[in-house]
Student: 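The structure follows.
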Number of protein chains: 2
Amino acid sequence: MKLTSKGRYAVMALVDLARFDNINPVSLRDISLRQGISLDYLEQIFSKLKKNEIVKSIRGTQGGYVLNKNPNDIKLTNIFHAVDEKVKTVQCKKESKKGCNGKATKCITHNLWDELEIHINTFFENKSLKDLLNNNKDTRV
Amino acid sequence: MKLTSKGRYAVMALVDLARFDNINPVSLRDISLRQGISLDYLEQIFSKLKKNEIVKSIRGTQGGYVLNKNPNDIKLTNIFHAVDEKVKTVQCKKESKKGCNGKATKCITHNLWDELEIHINTFFENKSLKDLLNNNKDTRV
DNA sequence: TCTAAACTTGACCATTTTGGTCAGGTATGT
DNA sequence: ACATACCTGACCAAAATGGTCAAGTTTAGA
Ligand code: FES
Ligand code: FES
């Protein structure tokens, strides 16, 4: 089970953004330099964050991105959902009554995987961008 | 974040094994048929489980595998560790003081990822094979 | 003793996912 | 007009995944 870079970068970038967006929009270039994330990759990520209304964009010189919601209302769940970083503990479709590869019944450990998925998602639902800002005040880069 | 088939299969197979090993060793062929897992793949998995002393093997006709410990003492942690299904939320080495790709300092979200890793591992440490047996008594296949 | 069941080992491989890059474009403040 | 910065989509190399295949060795039972 590993967290992909896309998800990790998305959160890193948003924390960075949240710290600096008090006055002016923050350019991806700045985030890229501060956090050491490829600019081109950031653009892909922010395109998705924008579609999911987590950030707003301001074009042109002095443009950049701004948060579209209160940091307290942006949960990790929302961020991960936006960039398609999903928790997946089973292989079959969740909704289906059937099991993996079209079997008639779910596997013997299916309950377990459902529990696990809920356990992880709970963590994501309970963490907001605000929490992360407070949590790292002392380790500012 | 997804759970790989190797980890999922390892647990499925061990639950199956735990149910049937009361009298005789259980052959991988039987597990393969009951759980719908490729025999060749199961062999790779059990090779690792054996190295980690989770199961014992009995060769020859009527041979198979047997649990090497009390189901209560086999935690998901042990199983996943055996088959190299590890939880990895960061990209850099955990022990190192340095950050990703040789940076001087850890990233701004590093605490978060550590928390997440602990959160997930806690789940694995608290679940034993015994729990799974009880939990699924009613959904026996 | 012969044979079949079942473990053992290691190489191999197609497909998918990941983690990007690159090449254009468009909007806008100065 | 021009530099800055967002926007879009194609493209791609490397790694991980989820296996298969081949060639053994061991041992119970006929
Ligand atoms: S994971 Fe698909 S049936 Fe349980
Ligand atoms: S994940 Fe590597 S520095 Fe935080």
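Numbers restart at 1 for each chain; the letters A, B, ... are given by sequence-line order, proteins then strands. These numbers come from a predicted model, not from an experiment.
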Student: Name all pairs fulfilling the ring pair (Phe, Tyr, Trp, His ring centres under 6.0 Å) condition that reach into residues 73-93 of chain A, sequence neighbours left out, sorted by first residue then second.
Tutor: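 Sorted result for residues 73-93 of chain A: F80(A)-F124(A).
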Student: Rounded to whole angstrom units, what separation is found between the NZ atom of K56(B) and the C1' atom of dT8(C)?
Tutor: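 That distance rounds to 19 Å.
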Student: Which part of the nucleic acid, if any, lies within reach of F46(A) when heavy atoms closer than 4.0 Å are counted: base, sugar-phosphate only, or nothing?
Tutor: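 If one applies the 4.0 Å heavy-atom cut-off, F46(A) turns out to touch nothing in the nucleic acid.
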Student: Taking the side chain of R29(B) as its heavy atoms from C-beta onward, which of dG20(C), dT8(C), dA6(C) lies nearest to it?
Tutor: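 Side chain of R29(B) sits closest to dA6(C).
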Student: Which is more 5' along DNA chain D, the nucleotide nearest K50(A) or the one nearest M1(A)? Just name the residue.
Tutor: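 It is K50(A) whose nearest nucleotide is closer to the 5' end.
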Student: Is the backbone of S128(B) close enough, under 3.5 Å, to the side chain of D131(B) for a donor and an acceptor to pair up by distance?
Tutor: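 Checking the backbone N and O of S128(B) against the side chain of D131(B), a donor-acceptor pair under 3.5 Å is found.
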Student: Under 4.0 Å between a side-chain N or O of S57(B) and OP1 or OP2 of dT8(C)?
Tutor: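 So the side-chain polar atoms of S57(B) do come within 4.0 Å of the phosphate oxygens OP1 or OP2 of dT8(C), strictly under.
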Student: Does T122(A) reach the main-chain N or O of I118(A) with its side chain, forming a donor-acceptor pair under 3.5 Å?
Tutor: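 Yes; judged by distance alone, with no hydrogens or angles, the pair exists.
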Student: Nearest whole Å is fine: how far is dT17(C) P from L3(A) CG?
Tutor: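 Going from CG in L3(A) over to P in dT17(C) covers 17 Å.
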Student: Under 4.0 angstrom, heavy atoms only, what part of the nucleic acid is Y9(A) near: base, sugar-phosphate, or nothing?
Tutor: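 Sugar-phosphate: the residue Y9(A), judged by heavy atoms under 4.0 Å, touches backbone atoms but no base.
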Student: Go along nucleotides 21-30 of chain C 5' to 3' and tag each nucleotide: B for a protein heavy atom under 4.0 Å from its base, S when only backbone or sugar atoms are that close, - otherwise.
Tutor: BB--BBBBB-
Student: State plainly whether one hydrophobic cluster holds both L67(B) and I45(B), where clusters connect Ile, Leu, Val, Met, Phe, Trp and Tyr through side-chain heavy atoms under 4.5 angstrom apart.
Tutor: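 Yes, L67(B) and I45(B) fall within the same hydrophobic cluster.
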Student: Mind calculating the distance between NZ (K2(B)) and P (dT16(C)) to the nearest angstrom?
Tutor: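 Spelled out: NZ on K2(B) to P on dT16(C) is 12 Å.
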Student: Please identify the 5'-most and 3'-most nucleotides of DNA chain D with any atom under 4.0 angstrom from a heavy atom of chain A.
Tutor: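 Range of nucleotides touched by chain A: dA3(D) to dA16(D).
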Student: Enumerate the residue pairs fulfilling side-chain hydrogen bond (donor to acceptor under 3.5 Å, both in side chains) with a member in residues 54-70 of chain A, sequence neighbours excluded, ordered by first and then second residue.
Tutor: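 Sorted pair list: K50(A)-S57(A).
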Student: Rounded to whole angstrom units, what separation is found between the CE atom of M12(A) and the P atom of dG19(C)?
Tutor: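 One finds 13 Å between P of dG19(C) and CE of M12(A), rounded.
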Student: Only counting residues at least two apart or in another chain, list the ones meeting salt bridge (Lys or Arg N to Asp or Glu O under 4.0 Å) with D73(A).
Tutor: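 Expected list: none.
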Student: Rounded to the nearest angstrom, tell me the gap between atom CG in D84(A) and atom P in dT18(C).
Tutor: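 Rounded to whole Å, this separation is 10 Å.
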Student: Is V26(A) touching bases, backbone alone, or none of the nucleic acid, heavy atoms closer than 4.0 Å?
Tutor: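 It contacts sugar-phosphate atoms only.
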Student: So what does S47(B) hit on the nucleic acid, given a heavy-atom distance under 4.0 Å: a base, only sugar-phosphate, or nothing?
Tutor: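 No contact.
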Student: Quick one: side-chain hydrogen bond (donor to acceptor under 3.5 Å, both in side chains) pairs with a partner in residues 7-17 of chain B, sequence neighbours left out?
Tutor: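 Sorted pair list: D16(B)-R34(B), D16(B)-Q35(B).
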Student: Check whether any side-chain N or O of N78(A) sits under 3.5 Å from a backbone N or O of K75(A) as a donor-acceptor pair, and report yes or no.
Tutor: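 Yes; judged by distance alone, with no hydrogens or angles, the pair exists.
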Student: Given K88(A) and E117(A), is the salt bridge (charged side-chain N to carboxylate O under 4.0 Å, His left out) satisfied, shown in steps?
Tutor: CA-CA 7 Å; K88(A) 202 162 182 300; E117(A) 200 161 309; over 6 Å; no
